[in-house]
Amino acid sequence: MTTTQISTRKSGQRLQEENNALRQRLDTFLRQGKLNEEKQRRFQSFELRLIGIDSLNELLAAILFPHYLTFKWDSISLLLLDPEYEIRRILQEAGSDLADHPALKFAADRDNLEAIYPSMLFTSLGPYKPAQHHELFAGIGERAPASIALLPLLRCGKLIGSLNIGSFESRRFERGVRTDFFEHLAGVVAICIENAANIERLKCQGLSDPLTAVNNRRFFDQRLGEEIASACRDSQPLTCLLLDIDHFKQVNDRYGHQTGDQVLMTVADLIRKQLRGNDVLARYCGEEF
């Protein structure tokens, strides 16, 4: 074999090797593209499901308990800013016992929420650090995640919460990985939570007393029927206590209706502070609760 033939043969081998390498790279890109396409379909399906829910209770359950096969996340928690206890009150009045939902957490102060994202309000990926992340995943299963993704929930540039996702795989959520899907999901989740909370607020406006901010007679009549039916179904006792402010007319006549309103608000607040988790307070009429 001549030198020219040997050179040509080696050149052909190199071209074949380069061709094989390019094919392998192409196959890798195609597989990754299919994986991304499938991931996008799962995210879109999940997002459409969230958008179709207008009950805050159902929405939070859908966020915290997606089908495992959809994303294969090992742990999920949701931290919401709730300084006025409003969201918790809405959930409790809808029949939720917050003690049964350790994955749903609340921040009373915006500073506590912003401490999770000290430098920037972007999705954060990396290893689970007990000192920093324990509270976010406390009470969720018996095993702490190895890597986590923290998704800030933003509305009008302000934090309203954080969606926290954990994996037992240490390399599942690594720094440097693109977070496009997560950022889009966080935006959808934030909008859905805000919309559901606004819908609940509108419901409350129609079922609450504007002066004392407790439930009104309409709410009481509706809830009483539900409670009686539940008590009969479960053969459980039901207690209803009617409270009346003594000599209330004399307060109005002597000190004026503004003072009377203040008395009503003060009494409603005193009663509210004595309630247990499943108790219901309503202003029945006038000075009766």
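Just so you know, residue 1 is the first one in the sequence shown, and it goes up from there.
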| How close do I193 and L56 get, heavy atom to heavy atom, and via which atoms? | O-CD1, 4.3 Å
| message | So, taking the atom named CG in N216 and the one named CD in Q222, what distance separates them when rounded to the nearest 0.5 Å? | response | 10.0 Å
| field | is_close_aromatic(Y85, F106), centroid dist under 6.0 Å | value | no
| message | Taking the side chain as everything from C-beta on, heavy atoms only, tell me whether L264 gets closer than 4.5 Å to F248. | response | yes
| request: Can you label the angle between the F181 ring and the F43 ring as parallel, tilted or perpendicular, going by 30° and 60°? | output: parallel
| query | Does some side-chain heavy atom of E47 sit less than 4.5 Å from a side-chain heavy atom of H184? | reply | yes
| message | Would you say that L78 contacts L153 through its side chain, given a criterion of any heavy-atom pair below 4.5 Å between the two side chains? | response | yes
| message | Are E288 and L243 packed together at the side-chain level, in the sense that at least one heavy-atom pair is separated by less than 4.5 angstrom? | response | no
| field | Lys/Arg-Asp/Glu bridge criterion (N-O < 4.0 Å) met for R89, E86 | value | no
| So do the side chains of L211 and R283 get within less than 4.5 Å of each other, counting heavy atoms only? | yes
| field | Listed partners of R110 passing side-chain hydrogen bond (donor to acceptor under 3.5 Å, both in side chains), at least two apart | value | none
| Nearest heavy-atom neighbours spanning F168 and A146 | O-CB, 3.4 Å
| query | Quick one: do the N164 and S162 side chains pair a donor with an acceptor below 3.5 Å? | reply | yes
| field | Parallel, tilted or perpendicular: rings of Y128 and F137 (30°, 60°) | value | perpendicular
| request: Report yes if some heavy atom in the side chain of W73 is under 4.5 Å from a heavy atom in the side chain of S167; otherwise report no. | output: no
| Below 4.5 Å, heavy atoms only, C-beta onward: do I148 and L136 meet side chain to side chain? | no
| query | Would a line drawn from the ring center of F220 to the ring center of Y284 be shorter than 6.0 Å? | reply | yes
| query | Is there a path from I245 to Y255 through hydrophobic residues (I, L, V, M, F, W, Y) whose side chains come within less than 4.5 Å of each other? | reply | yes
| field | Within-4.5 Å side-chain heavy-atom neighbours: L125 and L150 | value | no
| Does a side chain donor of either N57 or S96 reach within less than 3.5 Å of an acceptor in the other side chain? | yes
| Would a distance-only check, ignoring hydrogens and angles, find a side-chain to backbone donor-acceptor pair under 3.5 Å from N195 to D54? | no
| said: For the residue pair T212 / D209, report whether a side-chain donor-acceptor contact shorter than 3.5 Å exists. | reply: yes
